[in-house]
Amino acid sequence: HLTVSPLSQPFQISDLKDTLPSGCGLCGKRDGVRICSGCKVMPYCSVEHQSAHRQDHKYACNKIKKCRIDMEAQEQALRNHPDDDFTYGVGRFWKILPTRPYMNARLDYRAALTFVCNVESVQAQLDTLMENLRLCRGDNIGSRDLVPGLMIRLDRDQECYDFLKWWATSAKDPKYNWADPTLPYLDIK
């Protein structure tokens with residue numbers, strides 16, 4: 001049986017056990033689970049378990065869903081922008097002013113995901129931050145500071161080391177052109 005940390009505030013590192021929970025939010029079952037359609041990070045083995053866990057999950061679910069919907073709306077507005085920043089601006093998003101509300105919405109979404117403490121949430125946070133880095137290579141919004149901790153939580157120690165090494169070595173090269181998406185990026189093995 002999984003213990004669920006209080007959802008009135010984001011989880012703290014001290015709340016975490018040796019491993020992150022994964023599986024049904026109520027019983028921990030991993031087979032045949034479906035993901036909550038609201039937050040898209042909390043699995044449940046049955047409608048009954050989802051209903052039974054609803055009171056505990058409701059706050060986090062609503063917060064994540066609201067942030068995700070806002071992020072998707074900001075993305076759609078950006079995609080509808082006549083300058084087509086998604087094609088020509090990738091790698092340097094923060095330098096393009098119309099992309100900033102979208103990038104901020106992505107950060108809000110990542111922060112909301114911290115209200116659920118499970119593998120699925122940590123993976124979604126990491127995916128969001130890595131996409132932030134793809135969109136804005138210079139990382140004007142500080143995504144790279146959060147990535148290593150998430151990688152370690154997911155037992156991806158070598159990937160974490162490679163990530164940190166790239167930022168400590170290659171990123172320090174004064175000749176590196178951050179606006180050129182054809183240059184190698186996070187490529188240390």
Side-chain angles (χ1 to χ4, degrees), residues 1-79 86 90 93 101-136 141-160 163 186:
H1 182 67
L2 296 175
T3 54
V4 179
S5 60
L7 297 176
S8 60
Q9 58 185 335
F11 71 87
Q12 303 295 316
I13 295 299
S14 60
D15 295 337
L16 299 173
K17 306 291 186 237
D18 292 334
T19 60
L20 285 169
S22 180
C24 177
L26 190 64
C27 72
K29 180 181 173 189
R30 294 178 186 206
D31 295 330
V33 295
R34 292 191 175 148
I35 299 293
C36 171
S37 63
C39 69
K40 300 191 187 276
V41 293
M42 181 62 79
Y44 291 102
C45 65
S46 66
V47 174
E48 295 78 21
H49 279 200
Q50 184 173 12
S51 295
H53 193 242
R54 183 67 186 153
Q55 202 54 35
D56 291 336
H57 179 60
K58 184 178 179 180
Y59 178 80
C61 184
N62 289 338
K63 185 119 177 110
I64 293 167
K65 181 179 178 182
K66 180 184 177 303
C67 289
R68 189 186 68 253
I69 288 169
D70 182 48
M71 180 182 71
E72 290 167 353
Q74 291 293 338
E75 180 176 342
Q76 192 57 51
L78 194 56
R79 288 187 183 278
F86 266 96
V90 170
F93 257 40
Y102 173 60
M103 294 302 286
N104 283 325
R106 292 183 64 79
L107 288 177
D108 291 344
Y109 171 66
R110 198 282 321 163
L113 286 167
T114 65
F115 284 85
V116 174
C117 181
N118 66 8
V119 169
E120 293 80 6
S121 174
V122 173
Q123 184 61 57
Q125 291 175 61
L126 180 60
D127 293 345
T128 301
L129 294 172
M130 293 305 286
E131 178 65 3
N132 288 356
L133 291 172
R134 186 185 76 80
L135 295 172
C136 183
I141 56 177
S143 294
R144 72 174 177 260
D145 297 334
L146 302 169
V147 167
L150 296 171
M151 287 178 173
I152 292 204
R153 290 302 306 146
L154 293 168
D155 294 326
R156 292 161 67 173
D157 296 2
Q158 183 62 52
E159 191 176 347
C160 178
F163 181 88
L186 301 176

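Since we're looking at a predicted model, the values are computed, not measured.
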At what distance, to the nearest 0.5 angstrom, does [atom1] of [X] lie from [atom2] of [Y]?
X    : Y    : atom1 : atom2 : answer
F163 : L126 : CZ    : CG    : 8.5 Å
Q76  : Y102 : CD    : OH    : 10.5 Å
I152 : C160 : CD1   : SG    : 4.0 Å
E120 : D127 : CD    : CG    : 12.0 Å
Q125 : R153 : CD    : CZ    : 11.0 Å
L186 : M130 : CG    : CE    : 5.0 Å

Open item on the list: Strictly distance-based, threshold 3.5 Å: is any side-chain N or O of T128 a donor or acceptor partner for the main-chain N or O of R110?
Closed with: no
Open item on the list: Using modelled atom types and a 3.5 Å cut-off, is there a donor and acceptor pairing between side-chain atoms of S121 and backbone atoms of N118?
Closed with: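 Checking the backbone N and O of N118 against the side chain of S121, no donor-acceptor pair under 3.5 Å is found.
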TODO: Check C67 against Y109 and note the closest heavy-atom contact, atom names and distance.
DONE: CB-CA, 3.7 Å
Task: I64 to A112 - nearest heavy-atom pair and separation - done: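 Minimum heavy-atom separation between I64 and A112: CG1-O, 3.3 Å.
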Any side-chain heavy atom of [X] within less than 4.5 Å of one from [Y]?
X    : Y    : result
M71  : D108 : no
K66  : N62  : no
L154 : E159 : no
D56  : L26  : no

Extract all donor-acceptor atom pairs below 3.5 Å that involve side chains of residues 27-46 and protein atoms in other chains or at least two apart in sequence.
| residue | atom | partner | partner atom | Å |
| --- | --- | --- | --- | --- |
| R30 | NE | S22 | O | 3.3 |
| Y44 | OH | H53 | ND1 | 2.6 |
| S46 | OG | E48 | OE1 | 3.4 |
| S46 | OG | H49 | N | 3.1 |

- [ ] Applying side chain to side chain contact (heavy atoms under 4.5 Å, CB included), run through R156 and L150 and close with a yes or a no.
- [x] CA-CA 9 Å; R156 292 161 67 173; L150 296 171; over 6 Å; no
